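Remember, it's a predicted structure, so these values are computed and weren't measured experimentally. Heavy atoms only: backbone and side chains are in, while hydrogens, waters and symmetry mates are out.
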Amino acid sequence: MSDYLEGLNPPQRAAVEQMEGPMIIIAGAGSGKTRVLTYRIAHLLKNGVDSFQILSLTFTNKAAREMKERIGKVVGQSEAKNLWMGTFHSVFARILRSEADKLGYPSSFTIYDSQDTVRLMNSIIKEMGLSKDQYKSKAILSRISQFKNNLITVKAYRNNPELIEADTMAMRPQMGAVYKEYVDRCFKAGAMDFDDLLLRTNELLVRFPDVLSKYQDRFRYVMVDEYQDTNHSQYLIVRALADRFQNICVVGDDSQSIYAFRGANINNILNFQKDYPDVKTFKLEQNYRSTSNIVEAANSLIEKNKTRLDKTIFTSNDAGGKIKIMRTLSDGEEGRWVANSIFENAMNLQKTYDDFAILYRTNAQSRAMEDALRKKGIKYKIFGGLSFYQRKEIKDLLAYLRVLINPNDEEALKRIINYPARGIGETTMDKLSVAANHYNKSLFEIISDLESTDIKIQGPTKTKLNNFATLIQSLQITAQGNNAFQVADEVVKRVGLIKDLQVDGTPEAVNRVENVQELLNGMKDFIEERKEQDLDSSLTAFLEDVALASTFDNKDEDDTPMVSLMTIHLAKGLEFPYVYIVGMEETLFPSAMSVNTRSELEEERRLFYVALTRAETQCYLSFAHTRYRWGKLIDCEPSRFLEEIDERYIEHLAPQRNKVVANRFVDSGLFDDDDIPRDKIRFRKPVTRSVRNQETPEKKTPFKQPQNLRKVTPQLAQQMNTSKPAQKLAAGNKVSHAKFGVGQVISVEGAGVNVKAEVKFENVGTKKILLQFAKLNILES
DNA sequence: CGGTGTCCGATTTTT
DNA sequence: TCGGACACCG
């Protein structure tokens, strides 16, 4: 019956059995945190708490799903399915839908993803006539994100001279106006961005005490996982909800806080004890995951951080192998070494590729690894990067669906209004925008009732717009009473979304058609799954799921063992027997952006700590002396983090470089035991080299990517030149052109349809002209 | 209006 | 080095 308590160690068990009151579980890496969380919920349920009364917030959808499943195994699936469990964003999106009218939003509001917000910001900056160099949309958006996560509304911003001053100093005096316009436009479009899901929840709870009261009463037990990564906005929500019953349990590890860059506030966990004076604290300090060498190495590293909670991770696991450090000359060699090492380990130790992971600081580093793995014939999968749902063809279809549900969704509408091409161009769109602004209506409202405006749009264009409106309206009718899959299928057919692609026939087009097909299949699965669980399976629900899905939520259909490649951020919460952490170099890891302040550097160190503690059996670190970055070959120095690990736990695989004549490489001094102050060396900027890499470029073999993974740029088959050369044109020829007049050919380049000539015209100067189009008459050769 | 070529910026991490 | 945004021509 309560046998689930048996396998727990004393602190774990104590945490599980503590049901009431505020509590914090400080859970070191690999200390069985998920287990404790799972069992604690099961324990609550077994002790008479209603599953509807438990709210459990996790960091990823995947974590939520897994936990739900595990709880189901203890208490039964039917009981588990009523739990409110999910990410902050998905749980509160759900609540916001049911309360949307209070905030003036439609319950079918759209969730803008980052691509949508960038596009919107671009148009705002353009429309406001601001310089796009001073107002970089990404920078503006991240500033706005900061505001929102700290509950600084437009109004609050305007009343805050300090912020205004700061933005003025940063050459962005219009920041407030941009912020206002952005918020207004989202609101008009019935759209929320990621931050709005939290901000609007706060608004809801503050402005409507009865709503707050309702959810306080409902969620008598609140649990938050990865508490160290919550931002201020999330903090306030949790606090408000738990205020009545004070049954709040947060779990986290300050040493694994790695999301400060997007607003996570490590003080939320550091100060939890101050927020709830009668808090009960539980520390899970025994690591069950890794060898003691790994645990001790990680400990010796994280000790270098000043701001941390007091805890000591220990393990009774075997010592295992030491952390192995490999030094290579180039990033290419690093890749080859990793691939070889994985190959040999898999062979010698009888491991499958699932047991291996390659972790890196930046996505760009994956390329060298991919090349090497591919060459070695090792299967791999990349997490992160462009997700399935971000692909053009998928976004196009989703945009149609979004418009059906919420025609005011401006970004979706702009995306599809002329795709497939309907002859509705920029000029028309500009006119519509102006009208929308003038009449304070959405674009779609204007389009569907052109007559009531004095908009000057010509007959043919008018017809096109009317046709578009009719198409959408009739699809909207289809959308009623049909499920998500049926609607999408209908859209594909009626709109002719994949027609061009099917005709096209290039491998790339075929792939796109397959992707669309896969989305349709995905929708079928979604509907079935949701129905089984008695959950909302509407189109709205599907779109929400997609908007909040992360790369991890892709379902893996291919189960051949593959090496996992991902950024360290993505690796949090995962574990692998063999872990390779690559690119251990200054300015890469720690990132050049993070070495200026202590807190940023400490976050990088925590990131490294997270990376190390992913490894169960063996951990490898590698760095290269040269690396291609920004298309240039640059010199690199070993990361300072390498020498922050206690030597006792380290083994160098390559001869150290101090005594050898390292001719072209300036000695970084890393392995020297000299007395030169480290800073002097470390902060030296890498030198850009002009020397080209001597290695012969590897020939890329066509490679079929596994499903759902980041797409490798399709290698378009070189277009064969079947058409006859347009003209026999050579340098020196005298030619005439209808528009440019007479000139002399300077050079001819390119092949087939791409033949172009550089011609120096007497009157208009030098032009490059594609012979396929331009009619050049040869006057003299 | 639509397709193609050119130029510019990106590379810190993402729910 | 590569992809996206923009300009320009037909």
Heavy atoms only, 4.0 Å cut-off, all strands: where does A:Ala592 land among base, sugar-phosphate and nothing? nothing

If you look at every strand shown and take non-hydrogen atoms under 4.0 Å, does A:Ser145 touch a base, only sugar-phosphate, or nothing? nothing

So, is A:Ser591 close to the B:dT11 phosphate, meaning a side-chain N or O under 4.0 Å from OP1 or OP2? no

Is the shortest side-chain N/O distance from A:Asn231 to OP1 or OP2 of B:dT15 below 4.0 Å? no

Integer-rounded Å distance: B:dT14 C1' and A:Phe383 CZ: 16 Å

Against the six-membered ring of A:Phe59, is A:Lys572 placed for a cation-pi contact (under 6.0 Å from the centre, within 45° of the normal)? yes

Please evaluate residues A:Glu66 and A:Lys62 with respect to the criterion salt bridge (charged side-chain N to carboxylate O under 4.0 Å, His left out), reporting the C-alpha separation (whole Å), side-chain torsions for both, the decisive distance (0.1 Å), and the verdict. CA-CA 6 Å; A:Glu66 284 175 0; A:Lys62 187 179 171 231; 3.8 Å; yes

Check the phosphate of B:dC1 against A:Thr428, side-chain N and O only, distance under 4.0 Å to OP1 or OP2. Yes or no? yes

Can you tell which of B:dT11, B:dT14, B:dC1 lies closest to the side chain of A:Tyr259? B:dT14

Taking all non-hydrogen atoms of both residues, which atom of A:Arg361 and which atom of A:Leu588 are closest, and how far apart? CG-O, 3.2 Å

C:dT1 pyrimidine/purine six-ring stacking with A:Trp630, under 5.5 Å and 30°: no

Both distances under 3.5 Å, Watson-Crick or G-U wobble: on that basis, could you give the dot-bracket string for DNA chain C, with [ ] for crossing pairs and | for other-strand partners? ||||||||||

cation_pi(A:Arg605, A:Phe608) dist<6.0 Å, angle<=45: no

Please report, rounded to the nearest Å, how far the C1' atom of B:dT15 is from the CD1 atom of A:Ile237. 13 Å

For B:dC1 and A:Asn418 - does any side-chain N or O of the residue sit under 4.0 Å from the phosphate oxygens OP1/OP2? no

Nearest to the side chain of A:Leu570 - B:dT12, B:dC1, B:dT14? B:dT14

Quick one: which of B:dT11, B:dT12, B:dT15 gets closest to the side chain of A:Thr362? B:dT12

To the nearest angstrom, how far is A:Lys632 atom NZ from B:dG9 atom P? 13 Å

So, OP1 or OP2 of B:dT14: does either fall under 4.0 Å of a side-chain N or O from A:Ser114? no

At under 4.0 Å between heavy atoms, what does A:Asn122 touch on the DNA or RNA strands: base, sugar-phosphate, or nothing? nothing

Separation of A:Glu370 atom CD from C:dC2 atom C1', in whole Å? 14 Å

With heavy atoms under 4.0 Å as the rule, sort A:Ser90 into base, sugar-phosphate or nothing. nothing

Write down the distance between CD (A:Glu602) and P (B:dT13), rounded to a whole number of angstrom. 22 Å

Of all the choices, B:dT12, B:dT15, C:dC2, which nucleotide is nearest to the side chain of A:Thr87 once you look at every atom? B:dT15

Aromatic ring proximity A:Phe147/A:Tyr182, centre distance under 6.0 Å: no

Just by modelled atom types, is the A:Ile258 backbone N or O under 3.5 Å from a matching donor or acceptor in the A:His569 side chain? yes

What nucleotide among B:dT12, B:dT14, B:dT11 has an atom nearest to a side-chain atom of A:Asn363? B:dT14

Winner on side-chain proximity to A:Thr567, out of B:dT14, B:dT15, B:dT12, is B:dT14

Exercise: identify the closest heavy-atom pair between A:Phe589 and A:Gly583: CB-O, 3.8 Å

Gap between atoms NZ and P, on A:Lys392 and C:dA5 respectively (whole Å): 12 Å

Interatomic distance where NZ belongs to A:Lys62 and P belongs to B:dT15 [whole Å]: 13 Å

Counting any heavy atom closer than 4.0 Å, what does A:Phe589 reach on the DNA or RNA strands: base, sugar-phosphate only, or nothing? nothing

Donor-acceptor pair between A:Ser56 and A:Lys68 side chains, under 3.5 angstrom: no

On the ring face of A:Phe109, is A:Arg97 found with NZ or CZ under 6.0 Å from the centre and within 45° of the axis? yes

How far, in whole Å, is B:dT13 from C:dG4 if one measures between their P atoms? 16 Å

Taking for A:Phe194 and for A:Ser594 the nucleotide of DNA chain B with the nearest heavy atom, the one nearer the 5' end belongs to A:Ser594

Write down the distance between CD1 (A:Ile568) and P (B:dT13), rounded to a whole number of angstrom. 11 Å

